[in-house]
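Along the sequence shown, residues are numbered consecutively beginning with 1.
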Amino acid sequence: MTNDPITLGHGSGGRQSAELVSFLLESFRKRGIGPEMEDAAVIPGGYAFTVDGFTVSPRKFPGGDIGHLCVCGCANDLAVRGASPDFLGISLVIEEGFPKDEAAGYMESAAKTCGEIGMSLAAGDTKVVPVGGVEGLIMTGCAVGRIQTPSVLSSSNLQEGDSIIVTTSIGRHGAAIAASRFNLSVDGLESDCAPLWPALQPILAEKGLRCMRDCTRGGLGTVLCEWAEASGLHISLEEDAIPLNLQVRSLCDVLGFDPMYMACEGCAAIAVAPGCAEDIVRKLRESPLCTEATVIGRVLAGEPSGMVSLRTSIGGERLVDMPFGELLPRIC
């Protein structure tokens, strides 16, 4: 893609995003200093580190705003690697003329969320650019936390027979952003944007825990495709087992979206060893964030290897592939 322009599709979190990231990282990889492709990097001393940028539109949405989203996004990247959300850095790029009170409101949301999970603001940076330099405000967060698991969680740990768990109903963040963007009123629809650390911390000592990933851009479908491709194994899902609330289902029907690819900001996919799933689901359901936690599939060694299949409600079976193109830009 050397001579091709970058498009919105490259920011989707799907197939084009993977191609763009691979292209941009080539200079690091050829020098042997490229990163591992997980939500947060494991660094020396038993820590995890992550960085994430946020351009969500609208900046305020049902269930949160860009400040809350920034903290949750960074904290959740740590949590799914089994790391506590300890320290946060925030960078702001602000367009000239942006209301100070609005910017302060987003920082108040960020501070409130940090306080709820025991995270401290350790560093930051603020830039102001001329009108048109950015659209309003962009927030970037980086975070560091100490790993709390007996061993490192990674998609490389996946094995035949593992169970796949999802912690809550899927697609609520993407659906809430879509409803706001298209001026659709859907009673009771809110983003699931929330810090996952309080829900995931109780399961971190489980020896059968293989890997976790929060289902942000590209949704549950993209996460599981990444796992299948990285491991070379086949992930088989049951459509009827995947929690999906009525509001998200209705909005997706109206707009023609597939909920498997709708973004989440308070939902994680978890792979666990055979025999551990029931206990882990029980512990997850003790959290108000994860009352719908359930097993949705398993990892197989057979064909199609490196792919995800979905047994549908009517008894058929289809492949779940990474989305190509942009479903809904600027969701996070």
Side-chain angles (χ1 to χ4, degrees), residues 8 11-14 17 39 50 52-80 106 109-110 113 116-117 138-139 141 166-200 212-224 226 242-270 287-293 296 323 326-332:
L8 280 176
S12 66
S17 288
D39 280 344
T50 188
D52 209 342
F54 299 89
T55 66
V56 64
S57 177
R59 289 181 290 272
K60 297 179 181 179
F61 49 84
D65 61 32
I66 193 172
H68 177 58
L69 177 63
C70 178
V71 177
C72 291
C74 292
N76 290 348
D77 282 351
L78 295 177
V80 295
Y106 298 139
S109 291
T113 308
E116 291 171 353
I117 57 175
I138 291 175
M139 295 185 80
V166 69
T167 60
T168 189
S169 60
I170 65 171
R172 283 182 282 153
H173 180 70
I177 295 298
S180 297
R181 197 86 55 82
F182 293 107
N183 295 315
L184 298 174
S185 178
V186 184
D187 289 341
L189 177 61
E190 288 191 350
S191 168
D192 62 340
C193 187
L196 284 165
W197 175 246
L200 298 182
M212 302 190 288
R213 187 78 61 86
D214 58 331
C215 309
T216 53
R217 288 182 305 165
L220 174 66
T222 297
V223 166
L224 297 182
E226 289 174 346
I242 299 172
L244 179 68
N245 71 28
L246 178 61
Q247 292 93 337
V248 174
R249 186 188 302 274
S250 299
L251 184 129
C252 287
D253 286 345
V254 168
L255 297 178
F257 293 157
D258 186 338
M260 286 292 292
Y261 304 117
M262 295 295 280
C264 314
E265 290 291 346
C267 173
I270 304 175
S287 166
L289 292 177
C290 302
T291 56
E292 299 172 289
I296 61 169
E326 182 60 281
L327 183 67
L328 190 68
R330 296 186 61 184
I331 50 152
C332 60

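Summarising the geometry, atom CG belonging to Leu69 is positioned 8.0 Å from atom CG belonging to Asp52; distances are rounded to the nearest 0.5 Å. Interatomic distance, Ser250 OG to Leu184 CG, rounded to the nearest 0.5 Å: 11.5 Å. Atom SG of Cys215 is separated from atom CE of Met260 by 9.0 Å, given to the nearest 0.5 angstrom. For the atom pair Ile117 CD1 and Leu78 CG, the distance stands at 9.0 Å (nearest 0.5 Å). Atom CG of Asn245 is separated from atom CG of Asp192 by 9.5 Å, given to the nearest 0.5 angstrom. Note: Ile177 CD1 to Leu251 CG = 11.5 Å, rounded to the nearest 0.5 Å.
Looking at residues two or more places apart in sequence or on another chain, you find a salt bridge (charged side-chain N to carboxylate O under 4.0 Å, His left out) between Glu226 and Arg213. Applying the salt bridge (charged side-chain N to carboxylate O under 4.0 Å, His left out) test to Glu116 and every residue at least two apart in sequence or in another chain returns Lys112.
Cys267 is not listed as a side-chain neighbour of Leu220, based on a closest heavy-atom distance of 4.5 Å or more. Residues Leu200 and Ser287 have side chains not in contact (no heavy-atom distance under 4.5 Å, counting atoms from C-beta outward).
Nearest heavy-atom pair, Pro259 versus Val248, reported as atom, atom and distance to 0.1 Å: CB-CG1, 4.4 Å. Nearest heavy-atom pair, Met262 versus Cys252, reported as atom, atom and distance to 0.1 Å: CG-SG, 3.8 Å.
Among residues at least two apart or in separate chains, side chain to side chain donor-acceptor pair (under 3.5 Å) pairs with a member in residues 166-182 are Thr168-Arg172, Thr168-Glu292, Ser169-Arg172, Ser169-Glu292, His173-Ser191. Contacts classified as ring-ring contact (aromatic ring centres under 6.0 Å, His included) and involving residues 243-263 (residues at least two apart or in different chains) are not found.
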Donor-acceptor list for residues 55-64 side chains, cut-off 3.5 Å, not counting sequence neighbours:
residue, atom, partner, partner atom, Å
Thr55, OG1, Cys332, O, 3.4
Arg59, NE, Glu102, OE2, 3.3
Arg59, NH1, Glu135, O, 3.4

Taking only distance into account, with no hydrogens and no angle test, what donor-acceptor pairs under 3.5 Å do side-chain atoms of residues 70-77 form with protein atoms, sequence neighbours excluded?
residue, atom, partner, partner atom, Å
Asn76, OD1, Leu196, N, 2.7
Asn76, ND2, Cys72, O, 3.2
Asn76, ND2, Ala194, O, 3.0
Asn76, ND2, Glu265, O, 3.3
Asp77, OD2, Thr50, OG1, 3.2

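Looking only at distances, no side-chain donor or acceptor of Asp214 sits under 3.5 Å from a matching main-chain atom of Thr216.
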